[in-house]
A.B. asks: 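Take this structure, written in structure tokens, and hold onto it; I'll ask about it next.
Bear in mind that the values here come from a model prediction, so they are computed numbers and not experimental data.
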Amino acid sequence: MRWLELLVAGIFTYEVTQSTVLVALVTVARSLPMLFIGTIAGVIGEALNRKRLLVTQLFVMAVTSAVLCTLAFSAEIRVWHIAVRRRMIGEVVMPDQVGPAVAFDSLTNSFARVLGPLAGGAAYQTLGLGGAYLLSAALYLAAGLSVIGLDFRQEARRLRFGRIAIDIAEAAAVARANAAILAVVLVSIIMNMFAFSYSALIAPIGLDVYRVSPILVGALAAAEPLGAIAVGIPLSTGRLRLSGRGALLRGSLLFLVGLAVMALSPWYWLAFVMLLIGGLGTAAFSNMQTTLILTEAPPATRSRVMGIVTMCIGTGPVGVMMIGILSGQVGPPVAILIMAGVGLCGLSLVWRELIKVRPND
């Protein structure tokens, strides 16, 4: 539903305002809380029942989508209206199954990233904005009901608000001391700020540059996760295994290169193919991003370290604002090319520093 909503919100905002900056602002509004409260959420998720937190989150999102649906059907919706889960994997599977379990979770996310934009484009084109948010509310509700039946237990831990800053500092110390976790932190910032920010311009580039229908805009948004599925299936079945920071770095490199070539493409189908190829890299990145945390972080600090990674993911809105402003000045393709180029430079610096620590990884 996240991917459905991001697409239809982007299409609606661009059709109403013709502003790529406002499209970027709508995307930022959804992701900004991760930047500011991601680390705090990690501390809370270590103390409170994670299943209840997840169910509450899904039901709140269902209500939010229902409100937007009502506003859209009543023609009262405006652009400003639109403006903890993976930690549980390490507790419901055996330690030697963490890799395939994370890969399966990433695979379901990739399927959602394919179906979400396609469903969003089709729903927006046939049912309008209200129909898209009606579908969103229904599926958020279904997700919440499915989680209620999960047999989940966790070790009780008291939440002490006075220790939140200390708990976050302890997690940061763990991240600095472990080269694999440090790689996850740094590469997550690079990928979310300079790579994944391209998704904010999918609607403008599809509608204005390639001049295709909303359904084909949805297909373009689905290209990268389709590539991720091709790798995710053998990863989740155990036929393909990735390990170490090298897989994280090489996967990120492949996506950034594919993104840069896509930005240079004058043809829709070539752009689609390049994002498809880049998706092979994002599968490796997303799989190792979580697997390295679950396998390298001590269990006592795992949620807090995941909170730091969540904060890194939350830097995405900064990249979205940057790419939105750039797009307003030089156009969507050049903006994506510049961001991908900066991401490649950053990745090369991280790679060089990590090789100094452990050259054979």
A.B. asks: Give the intermediate values and the outcome of side-chain contact (heavy atoms from CB on, under 4.5 Å) for residues Leu220 and Leu275.
C.D. replies: CA-CA 8 Å; Leu220 188 63; Leu275 287 178; 4.0 Å; yes

A.B. asks: Between Ser213 and Leu216, is there a side-chain heavy-atom distance shorter than 4.5 Å?
C.D. replies: yes

A.B. asks: Quick check: closest heavy atoms across Arg245 and Ala180, and the distance to 0.1 Å?
C.D. replies: CD-CA, 3.5 Å

A.B. asks: With clusters defined by side-chain heavy atoms of hydrophobic residues (ILVMFWY) lying less than 4.5 Å apart, directly or transitively, does Trp269 cluster with Ile277?
C.D. replies: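 Yes; Trp269 is reachable from Ile277 via cluster members.
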
A.B. asks: What are the two closest non-hydrogen atoms of Gly232 and Ala283, and how far apart are they?
C.D. replies: N-CB, 4.5 Å

A.B. asks: Rounded to the nearest 0.5 Å, what separation is found between the CD1 atom of Ile229 and the CG atom of Leu235?
C.D. replies: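 Answer for the CD1-CG pair, Ile229 versus Leu235, is 12.5 Å.
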
A.B. asks: Does Ile181 reach the side chain of Leu292, with side-chain heavy atoms less than 4.5 Å apart?
C.D. replies: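 Ile181 does not reach Leu292 side chain to side chain.
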
A.B. asks: Is Pro333 close to Val209 at the side-chain level, that is, under 4.5 Å between some pair of heavy atoms?
C.D. replies: yes

A.B. asks: Side chains of Met262 and Ile336, heavy atoms from C-beta outward: is any pair under 4.5 Å?
C.D. replies: yes

A.B. asks: Going through the checks in order, is the side-chain contact (heavy atoms from CB on, under 4.5 Å) test met by Glu296 and Val184?
C.D. replies: CA-CA 11 Å; Glu296 296 284 341; Val184 170; over 6 Å; no

A.B. asks: Are Ile338 and Val334 packed together at the side-chain level, in the sense that at least one heavy-atom pair is separated by less than 4.5 angstrom?
C.D. replies: yes

A.B. asks: How about Tyr124 and Ile215: do any of their side-chain heavy atoms sit closer than 4.5 Å?
C.D. replies: no

A.B. asks: Return the CE to CD1 distance between Met306 and Ile313, rounded to the nearest 0.5 Å.
C.D. replies: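 If I round to the nearest 0.5 Å, the distance is 7.5 Å.
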
A.B. asks: Taking all heavy atoms of Ala284 and all of Gly251, pick out the closest pair and write down the distance.
C.D. replies: CB-CA, 4.0 Å

A.B. asks: Roughly how far apart are Cys312 SG and Asn192 CG, rounded to 0.5 Å?
C.D. replies: 8.5 Å

A.B. asks: Could you work out, with side-chain contact (heavy atoms from CB on, under 4.5 Å) as the rule, every residue matching Ser197, not counting sequence neighbours?
C.D. replies: Val320, Ile323, Met339

A.B. asks: Enter the distance from Trp351:CH2 to Leu186:CG here, rounded to the nearest 0.5 Å.
C.D. replies: 14.5 Å

A.B. asks: Are the side chains of Ile325 and Met322 in touch, meaning some heavy atoms are under 4.5 Å apart?
C.D. replies: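 Ile325 vs Met322: side chains apart.
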
A.B. asks: Measure up the Tyr210 and Tyr268 rings against each other and bin them: parallel (under 30°), tilted (30 to 60°), perpendicular (over 60°).
C.D. replies: perpendicular

A.B. asks: What are the two closest non-hydrogen atoms of Ile202 and Ala221, and how far apart are they?
C.D. replies: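 Heavy atoms only, the tightest pair is CG2-CB, 3.8 Å.
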
A.B. asks: Considering non-hydrogen atoms only, spot the tightest contact between Ala203 and Val217 and give its length.
C.D. replies: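 Smallest interatomic distance, heavy atoms only, reads CA-CG1, 3.9 Å.
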
A.B. asks: Does Phe285 share a hydrophobic cluster with Leu349, counting links as ILVMFWY side-chain heavy atoms below 4.5 Å and allowing steps through other members?
C.D. replies: no

A.B. asks: I need the Leu326 CG to Met321 CE distance, nearest 0.5 Å.
C.D. replies: 10.5 Å

A.B. asks: Nearest 0.5 Å please: distance from the CG atom of Leu201 over to the CG atom of Asp208.
C.D. replies: 11.0 Å

A.B. asks: Any chain of hydrophobic side-chain contacts (each under 4.5 Å) joining Leu337 to Met274?
C.D. replies: no

A.B. asks: When you look at Val212 and Leu207, which way does the side-chain contact (heavy atoms from CB on, under 4.5 Å) test go after all the steps?
C.D. replies: CA-CA 6 Å; Val212 296; Leu207 295 172; 6.0 Å; no

A.B. asks: Test Leu259 against every option in Tyr198, Phe194, Phe196 by the side-chain contact (heavy atoms from CB on, under 4.5 Å) rule and name the one that passes.
C.D. replies: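 Only match with Leu259 under side-chain contact (heavy atoms from CB on, under 4.5 Å): Tyr198.
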
A.B. asks: Give the C-alpha distance, both sets of side-chain angles, the deciding distance and a yes or no for side-chain contact (heavy atoms from CB on, under 4.5 Å) between Gln289 and Val309.
C.D. replies: CA-CA 9 Å; Gln289 181 187 46; Val309 175; 4.0 Å; yes

A.B. asks: Is any side-chain heavy atom of Pro298 closer than 4.5 Å to one of Val174?
C.D. replies: yes

A.B. asks: Please give me the minimum heavy-atom distance between Ser265 and Leu270, naming the atom from each residue.
C.D. replies: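 Minimum heavy-atom contact is OG-CB, 3.3 Å.
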
